[in-house]
Amino acid sequence: MNHKLSVYNTLKRNKEVFEPLNSPHVGMYVCGPTVYGDPHLGHARSAISFDILFRHLLHLGYKVRYVRNITDVGHLENDADAGEDKLAKKARLEQLEPMEVAKYYTDRYHDMMDLLNVKRPSIEPNASGHIIEQIEMIKQILDAGFAYESNGSIYFDVVKYNQEYDYGKLSGRILEDLLATTRENLEGQEEKRNSVDFALWKKAQPEHIMRWDSPWSVGFPGWHLECSAMGRKYLGEQFDIHGGGMDLLFPHHESEIAQSQISNHQDPCRYWMHNNMITINGQKMGKSLGNSIMLEEFFTGSHKLLERAYSPMTIRFFILQAHYRSTLDFSNEALQAAEKGMKRLLQAQKLLNSLQAQASSNIDTKALKQRCEDAMNDDLNTPMVIAHLSEMTRIINAANDKKENLTTDNIADLKEIFATFLTKILGIKAETENNQSQTVEGLMEMVLSFRQQAKEQKDYATSDKIRDGLNKLNIVVKDGKDGVSWVLND
RNA sequence: GGUCUCGUGACCGAGUGGCUAGGUACCGGUCUGCAAAACCGUCGACAGCGGUUCGAAUCCGCUCGAGACCUCCA
């Protein structure tokens with residue numbers, strides 16, 4: 001097994017060699033979506049970033065249990081007691097059962113992730129299905145004396161915690177600063193001892209639909225608790241990797257650490273990994289800013305900022321062209337550049353099957369493969385892998401033009417490299433043909449034979465008419481030196 | 001206001017001291033009845049100022065600019 005993988009650990013603010021607690025097993029938890037809205041580009045970035053990690057760990061031979069939750073309860077609208085459960089609020093607006101909304105958007109999320117070729121996690125627990133585990137954890141924290149009850153709600157005592165532990169070790173926050181900079185206009189703070197305290201359990205208001213019984217009140221769990229409870233249940237008191245978007249770093253992940261320290265007497269995980277945001281005109285794309293573009297809008301082109309539709313694979317490749325810890329700026333131009341670049345790689349991969357081998361070569365394909373391995377092992381440097389694949393694409397094309405020699409072994413190596421890195425790890429594959437492709441194939445062959453006939457008779461008026469007509473149907477005819485071919489633009 | 005991150009050629013985006021990724025666009029070429037596509041090639045940058053160093057996009061300082069978190073957020 002290759003042990004050279006290093007990852008950037010937010011906790012240490014440095015790259016570290018990855019060493020699992022119980023090799024070859026790896027436990028990995030990633031914060032999943034809140035299912036009260038349609039998935040947008042940001043969801044894709046997080047899911048794809050950790051999909052790459054998942055795939056690479058599998059490639060390295062690890063046995064990975066990948067847990068990604070579905071948040072279907074718990075998030076308060078704000079920290080005030082007026083905070084109505086997000087799902088319930090949405091449900092009221094749409095006159096639907098809360099769980100109906102959750103199911104609908106969970107399915108939507110799955111559909112979009114499938115299109116993006118994101119592997120499904122090993123376990124995908126719902127917060128609503130783990131109320132008992134969450135109550136159990138609250139009891140432990142209460143017993144330890146780090147939480148208190150106030151009017152039926154339970155709060156985590158952050159100030160007390162910070163006297164023995166470090167609330168801020170992950171996010172770099174300093175408690176004094178937090179206490180000094182808390183906003184004054186938030187209401188409902190009177191239940192808390194300190195403004196920084198966060199809810200473990202909230203008593204439900206009468207109009208609150210989603211509610212569960214507990215020793216303290218009929219209510220619902222606080223918003224940091226589900227990940228701690230479900231992570232512990234499925235991965236143990238301490239596991240290897242916890243991931244999520246950078247915007248979850250504080251207070252969500254910081255609070256998870258506090259909860260685990262008290263209930264499990266240790267950090268929940270050893271490596272914290274965070275993907276960066278997607279920006280639009282330099283600003284974070286986010287639901288609250290109202291500037292997010294839904295994934296379906298990309299696939300159909302139905303958004304005013306989109307010049308046209310972009311396929312799921314284009315979106316995936318676009319995301320992988322940037323490192324997961326960098327911000328990535330959206331633009332039509334960048335998307336189209338990604339699309340062309342991706343098609344070029346896929347074309348080269350296809351070309352490998354028809355390449356003629358030569359007796360000797362001065363291309364070192366073993367070294368090229370190692371460079372791809374090294375790039376992935378260096379904190380998942382997917383843009384570097386793509387750069388290497390582009391270099392190989394140039395070589396493949398040159399070999400196809402008889403300007404470069406490749407041996408049988410070279411070609412086999414290249415096939416393996418593309419299959420491993422492009423297909424298996426980056427998860428980039430040719431868009432699936434439509435199911436009528438056989439018919440279309442036959443039709444095209446026939447139409448193009450007519451055109452060929454016209455051309456041979458120098459009847460260019462007819463041949464161009466055929467070509468222009470096909471163009472209008474988004475079929476591009478390509479006259480190459482080895483005959484005619486065509487492609488259906490999407 | 002506090003904490004932090006970032007500023008790379010027309011655009012996106014790698015690169016933590018010397019060998020100056022990659023993609024797209026542009027331009028040139030190959031191919032072609034023409035065109036498109038495809039392929040090949042070239043050009044092109046490190047926000048500004050100062051410092052450290054034999055040598056800096058890369059380290060340090062300052063200035064300017066952008067952004068993130070501190071409130072639900074991938």
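Per chain, numbering begins at 1; letters A, B, ... match sequence-line order. Values in this document were obtained by computation on a predicted structure and should not be read as measured data.
When the nucleotides B:A14, B:A74, B:G33 are ranked by their closest atom to the side chain of A:Asn275, B:A74 comes out on top. Here the side chain of A:Pro383 is nearest to one of B:C73, B:A36, B:G13, namely B:G13.
Considering A:Arg316, A:Arg308, A:Arg344 as possible partners of A:Glu339, the one that fulfils the salt bridge (Lys or Arg N to Asp or Glu O under 4.0 Å) test is A:Arg308.
For the salt bridge (Lys or Arg N to Asp or Glu O under 4.0 Å) condition, the pairs that include at least one residue of residues 239-248 of chain A, sequence neighbours left out, are A:Asp247-A:Lys284. Applying the salt bridge (Lys or Arg N to Asp or Glu O under 4.0 Å) definition to pairs two or more places apart or across chains, those involving residues 388-400 of chain A are A:Glu391-A:Arg394.
For A:Gln453, the side-chain contact (heavy atoms from CB on, under 4.5 Å) partners are A:Phe450, A:Gln457, not counting sequence neighbours. Not counting sequence neighbours, the partners of A:Glu16 by the side-chain contact (heavy atoms from CB on, under 4.5 Å) test are A:Asn9, A:Lys12, A:Tyr271. Residues satisfying the salt bridge (Lys or Arg N to Asp or Glu O under 4.0 Å) test with A:Arg45, not counting sequence neighbours, are none. With sequence neighbours left out, the salt bridge (Lys or Arg N to Asp or Glu O under 4.0 Å) criterion links A:Arg211 to no other residue. Shown here are the salt bridge (Lys or Arg N to Asp or Glu O under 4.0 Å) partners of A:Asp464, two or more places apart in sequence or in another chain: A:Arg467. A search for salt bridge (Lys or Arg N to Asp or Glu O under 4.0 Å) contacts involving A:Arg173 returns nothing, not counting sequence neighbours. Residues satisfying the side-chain contact (heavy atoms from CB on, under 4.5 Å) test with A:Gln321, not counting sequence neighbours, are A:Phe317, A:Ala338, A:Ile386.
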Under 3.5 Å, which N/O atoms of the protein pair with N/O atoms of nucleotides 2-12 of chain B?
| unit_1 | atom_1 | unit_2 | atom_2 | d |
| --- | --- | --- | --- | --- |
| B:G2 | O2' | A:Asp177 | OD2 | 3.0 |

Short heteroatom pairs, N/O only, protein and nucleotides 40-48 of chain B, under 3.5 Å:
| unit_1 | atom_1 | unit_2 | atom_2 | d |
| --- | --- | --- | --- | --- |
| B:C40 | OP2 | A:Arg344 | NH2 | 3.4 |

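Within the 4.0 angstrom heavy-atom criterion, no nucleotide atom of any strand lies near A:Leu335. Using a 4.0 Å heavy-atom criterion, one finds that A:Met277 contacts the bases of the nucleic acid, with or without backbone contacts as well. Within the nucleic acid shown, A:Asn400 has no heavy atom closer than 4.0 Å to any nucleic acid atom. Within 4.0 Å (heavy atoms only), A:Gly245 reaches sugar-phosphate atoms of the nucleic acid but no base atom.
Taking side-chain N and O atoms only, A:Ser390 has no distance below 4.0 Å to OP1 or OP2 of B:A21. Proximity of A:Lys284 to the phosphate of B:C69: a side-chain N or O atom is located under 4.0 Å from OP1 or OP2. Residue A:Asn381 has a polar side-chain atom (N or O) positioned under 4.0 Å from OP1 or OP2 of B:G15. Within the 4.0 Å cut-off from OP1 or OP2 of B:U16, not a single side-chain nitrogen or oxygen of A:Lys15 is found. For B:G33, neither phosphate oxygen OP1 nor OP2 lies less than 4.0 angstrom from any side-chain nitrogen or oxygen of A:Ser463.
Interface remark: the A:Asp378 side chain does not form any donor-acceptor pair with the B:G15 base, using a distance-only criterion of under 3.5 Å. Contact annotation: side chain of A:Arg467 to base of B:A35, donor-acceptor pair present below 3.5 Å. For A:Asp479 against B:A36, no side-chain N or O and base N or O form a donor-acceptor pair under 3.5 Å.
The shortest side-chain heavy-atom distance between A:Met113 and A:Pro33 does not fall under the 4.5 Å cut-off. Side-chain contact between A:Asp379 and A:His323 is present, with heavy atoms from C-beta onward closer than 4.5 Å.
Nearer the 5' end of RNA chain B, as judged by each residue's closest nucleotide, is the contact made by A:Lys340, out of A:Lys340 and A:Gln283.
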Under a 3.5 Å cutoff on both atom distances, Watson-Crick or G-U, what's the dot-bracket for RNA chain B ([ ] crossing, | other strand)? (((((((..(((.....[...)))..((((.......)))).....(((((..]....))))))))))))....
